[in-house]
Amino acid sequence: MPLQIYNTLARQKETFKPIHEGRVGMYVCGPTVYGDSHIGHAKSYVSFDVIVRYLRFLGYKVLYVQNITDVGHLTDDADQGEDKIEKQSKLDRVHPMQVVELYTRSYFEDMDALGIQRPDISPHATGHIIEQIEMVKKLLAGGYAYEVNSSVYFDVHKFSEYGKLSGRNVEEMESGARIEVKSEKRHPADFALWKKAEPEHIMQWPSPWGSGYPGWHLECSSMSMKYLGESFDIHGGGIENQFPHHECEIAQSECSTGKPFVKYWLHNNMVTVNGQKMGKSLGNFVTLKDAFKKFDPLVIRFFILQSHYRSTLDFSEQAIEAAGKGLEKLQNTVQRVRVEIKKGKNGKGTLFDLAEYRKRFTEAMDDDFNTPQAIAALFDLSRAVNDLLAQPNGISLESLHQIETFFTDYGVNILGLFGEKAASSQLQTDGMIEPQLVELLLAARKEARENKFWLLSDKIRDRLKALGVVLEDTKDGTSWKKA
RNA sequence: GGCGCCGUACCCAAGUGGUAAGGGAGAGGUCUGCAAAACCUUUAUGCGGCGGUUCGAAUCCGCCCGGCGCCUCCA
């Protein structure tokens with residue numbers, strides 16, 4: 001079964017077939033950089049990171065573009081709100097571009113910690129003003145937009161398919177009570193392509209319609225098409241951006257090019273706290289920097305991947321702790337396998353067939369990136385491996401290598417889990433003094449144990465544990481690892 | 001009000017027509033000086049409720065109850 005992807009446009013899973021064979025153009029809505037990222041961002045970008053990694057694993061040459069929104073994103077109503085970046089810059093009394101720089105760095109710092117591979121291109125909206133103006137010109141020339149008072153709006157009535165992504169129609173929305181009616185727009189659903197800037201507005205650029213700044217939706221259209229072409233394969237983003245943001249992107253893009261914009265729309269669900277959406281407006285968000293103080297970033301990554309990207313994920317410390325223990329279990333197995341390989345025992349040992357696990361893992365991932373099921377396969381594999389390793393014969397060296405490769409391919413390369421931590425301790429510390437000191441203590445403790453000096457041997461174990469070195473006595477001797 | 005989603009064991013969470021994955025926690029056991037790790041056994045005749053379709057439903061349909069999202073910024 002080839003890769004199936006749930007396409008919001010079709011409201012069902014579809015077989016994935018890229019526009020150009022072997023290549024995938026993918027765009028994901030990036031952050032608006034006016035504050036530290038929270039767990040919700042983590043879910044979104046971890047999910048898409050795994051999607052990119054899996055597509056690459058399947059052999060596709062992926063060009064992954066994720067924007068940085070640094071202008072035009074307004075605080076509330078699309079017409080009357082304040083630019084988020086400018087607002088923050090006033091609070092901090094710094095230039096807007098300082099806000100942008102600070103939180104862009106903060107964003108990448110957090111994403112790096114989560115093991116997220118950086119996008120191939122991270123275009124800034126402010127770096128693509130010219131492209132955006134060009135697009136507005138096109139839309140005006142085509143009669144899809146109109147100018148009022150030095151601002152330009154998109155006329156949703158000119159695009160009959162408006163609403164096809166989110167499943168709504170303009171007339172129904174018109175009766176909706178929550179849309180602000182009094183405005184210079186012809187229709188409440190029309191949206192800003194270009195906004196006139198008041199003189200005190202710092203971020204503004206000259207345009208054929210006067211000095212102003214681009215509307216929020218515009219950047220994603222012009223930047224995605226600039227780097228991926230007028231039609232590309234995958235556009236991802238948070239489900240809350242399905243409407244209006246993505247709907248508007250489709251309208252602008254398809255009207256300006258006359259071509260289909262995106263083939264597959266992917267939307268990830270959100271993180272909730274006590275069943276309620278985690279968001280900046282509700283103020284119930286947990287920043288990643290705070291979360292990292294309590295939890296290993298990889299544990300948070302694992303916690304996220306244990307639920308499906310299209311499901312909501314309820315945040316709780318209890319749930320993350322449980323995930324952490326599960327991850328540790330997998331890490332222990334990986335570690336154990338690597339140590340066995342290093343021991344390099346000869347020939348003997350049971351052969352281990354990975355085919356079943358490989359099948360389960362890839363079938364799960366092929367089914368709309370079902371990471372929870374893929375992880376379940378890893379757990380089952382882990383148990384089977386541990387079981388055999390505890391047997392007198394152990395596992396053959398050849399099989400151990402295959403298992404190690406399996407964990408590297410699927411666990412490390414695709415899911416982005418147990419990278420460096422599990423690879424460290426005994427394995428890559430040759431020549432360092434620290435492991436030699438630990439070995440020295442272990443030798444002393446061994447003697448104590450042989451003489452049944454339990455108080456001393458337990459004390460050594462406790463003291464080492466306090467230093468972050470965990471001992472485990474087995475029948476083959478004592479092994480240790482860093483906690 | 002419009003559109004849509006969800007409700008699975010003590011907790012988290014897959015499964016969307018063929019007889020309930022996985023993780024955590026709990027209980028019992030093997031190993032062990034102890035601890036830890038690991039392994040084994042065990043914990044939902046039932047998947048919010050009630051009807052219906054079907055040989056067969058957690059999975060499809062209807063109604064009801066509960067929760068949530070979008071429709072205004074939000075990953």
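Here is the naming used below: chain letters follow the sequence lines, and residue numbers restart at 1 for every chain.
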> If you take atom types as modelled and just measure distance, does the side chain of A/Asp473 reach the base of B/C34 with a donor-acceptor pair under 3.5 Å?
Replying inline: yes
Taken to the nearest whole Å, CG/A/Leu417 to P/B/G23 is 15 Å
Testing B/A21, B/A38, B/A75 for proximity to the side chain of A/Arg336, the answer is B/A38
Quick note, A/Arg168 side chain, CB onward, closest among B/G2, B/A75, B/C12 is B/G2
Quiz prompt | Same-atom distance (P) from B/C73 to B/G15, integer angstrom | solution = 31 Å
Atom CD1 of A/Ile304 and atom P of B/A13 are separated, to the nearest Å, by 13 Å
TODO: Please work out if A/Val271 contacts a base, only the sugar-phosphate, or nothing of the nucleic acid, heavy-atom cut-off 4.0 Å.
DONE: base
Of A/Ile202, A/Val100, A/Thr69, the one forming a side chain to side chain contact (heavy atoms under 4.5 Å, CB included) with A/Ile85 is A/Val100
Practice prompt. With P as the reference atom in both, quote the distance from B/G24 to B/C40 in angstrom, rounded to an integer.
Written response: 12 Å
Item to complete: Please work out which of the three classes, parallel, tilted or perpendicular, describes the rings of A/Phe191 and A/Phe154, given edges at 30° and 60°.
Response: parallel
ring-ring contact (aromatic ring centres under 6.0 Å, His included) filter on A/Tyr103, not counting sequence neighbours, yields none
Mind checking if A/Tyr45 touches a base, just sugar-phosphate, or nothing, with heavy atoms under 4.0 Å? sugar-phosphate
Q | Whole-Å P distance, B/C71 and B/A27 | A | 47 Å
Practice task
Determine the interatomic distance between C1' on B/U59 and the same-named atom on B/U30; round to the nearest Å.
Solution key: 40 Å
Return yes if the base of B/C34 and the side-chain atoms of A/Arg461 contain a donor-acceptor N/O pair under 3.5 Å, otherwise no.
-> yes
Here the salt bridge (charged side-chain N to carboxylate O under 4.0 Å, His left out) pairs for residues 373-382 of chain A, sequence neighbours left out, are A/Arg360-A/Asp380, A/Asp380-A/Arg383
Among B/A75, B/G23, B/C34, the one nearest any side-chain atom of A/His41 is B/A75
Testing B/A75, B/G23, B/C39 for proximity to the side chain of A/Gln306, the answer is B/G23
Using atom P in both nucleotides, what's the gap between B/G66 and B/A25 to the nearest angstrom? 35 Å
Inter-nucleotide P distance (B/U32, B/U42), Å rounded:
24 Å
Closest of B/G22, B/A75, B/A38 to the A/Ala376 side chain is B/G22
Under-3.5 Å N/O pairs linking protein and nucleotides 24-29 of chain B:
from  : atom 1 : to       : atom 2 : distance (Å)
B/A25 : OP1    : A/Lys325 : NZ     : 3.4

**Study point:** Row check, A/Phe108 ring normal vs A/Arg118 NZ/CZ: under 6.0 Å, within 45°
**Key:** yes
Those residues at least two apart in sequence (or on a different chain) that pass side-chain contact (heavy atoms from CB on, under 4.5 Å) with A/Pro244 are A/His217, A/Cys248
Less than 4.0 Å between a side-chain N and a carboxylate O, is that true for A/Lys446 and A/Glu450? yes
A/Ser399 meets the side-chain hydrogen bond (donor to acceptor under 3.5 Å, both in side chains) criterion, sequence neighbours left out, with A/Ser396
Worksheet item: Does A/Arg310 place a side-chain N or O at less than 4.0 Å from the phosphate oxygens OP1/OP2 of B/C6?
Response: no
Item to complete: Could you tell me whether the side chain of A/Asp380 has a donor or acceptor atom within less than 3.5 Å of a complementary atom in the base of B/G22?
Response: no
Out of B/A75, B/G33, B/A14, minimum distance to the side chain of A/Trp454 belongs to B/G33
Residue pairs passing the ring-ring contact (aromatic ring centres under 6.0 Å, His included) test with at least one member in residues 361-396 of chain A, sequence neighbours excluded, are A/Phe361-A/Tyr410
**Report entry** Salt-bridge contact A/Glu356-A/Lys359 (side-chain N to carboxylate O under 4.0 Å)
**Finding:** no
When rounded to whole Å, the CD1 to C1' distance for the pair A/Ile239 and B/C70 reads 8 Å
Those residues at least two apart in sequence (or on a different chain) that pass side-chain hydrogen bond (donor to acceptor under 3.5 Å, both in side chains) with A/Tyr264 are none
Stems with RNA chain B, 3 or more Watson-Crick or G-U pairs in a row (under 3.5 Å), are B:1-7 with B:65-71, B:10-12 with B:22-24, B:25-30 with B:38-43, B:48-52 with B:60-64
Among the nucleotides B/A75, B/A37, B/A14, whichever has the atom closest to the side chain of A/Asn332 is B/A37
Same-atom distance (P) from B/C60 to B/C47, integer angstrom: 15 Å
- prompt: Do A/Arg449 and B/G33 have a side chain to base donor-acceptor pair shorter than 3.5 Å?
  reply: yes
Whole-Å distance, A/Leu389 CG to B/C31 P, equals 20 Å
Please enumerate all protein N or O atoms sitting under 3.5 Å from an N or O of nucleotides 15-19 of chain B, with distances to 0.1 Å.
from  : atom 1 : to       : atom 2 : distance (Å)
B/G15 : OP1    : A/Asn370 : ND2    : 3.1

A/Glu86 CD to B/C73 P, in whole Å, measures 18 Å
Atom NZ of A/Lys277 and atom P of B/A75 are separated, to the nearest Å, by 9 Å
Sorted by chain and residue number, the side-chain hydrogen bond (donor to acceptor under 3.5 Å, both in side chains) partners of A/Asp110 (sequence neighbours excluded) come out as A/Lys289
What verdict does the ring pair (Phe, Tyr, Trp, His ring centres under 6.0 Å) test give for A/Phe48 and A/Tyr64, after you've listed the backbone C-alpha separation in whole Å, the side-chain angles of each residue and the deciding distance to 0.1 Å? CA-CA 10 Å; A/Phe48 287 114; A/Tyr64 179 27; 7.8 Å; no
Rounded to whole Å, the CE-P distance (A/Met111 to B/A75) equals 11 Å
By side-chain hydrogen bond (donor to acceptor under 3.5 Å, both in side chains), A/Asn370 pairs with (sequence neighbours left out) none
Short side-chain N/O contact from A/Asn241 to OP1 or OP2 of B/A75, under 4.0 Å:
no
The answer to which of A/Pro372 and A/Leu471 contacts RNA chain B further toward the 5' end, by nearest nucleotide, is A/Pro372
side-chain contact (heavy atoms from CB on, under 4.5 Å) filter on A/Asp353, not counting sequence neighbours, yields A/Ala355
Taking for A/His245 and for A/Ser307 the nucleotide of RNA chain B with the nearest heavy atom, the one nearer the 5' end belongs to A/Ser307
Rounded distance in Å between the P positions of B/C61 and B/G18 = 16 Å
message = Need one value for A/Gly275: base, sugar-phosphate or nothing, where a base atom within 4.0 Å counts as base even if backbone is also close, heavy atoms only.
response = sugar-phosphate
Taken to the nearest whole Å, CZ/A/Phe315 to P/B/C11 is 19 Å
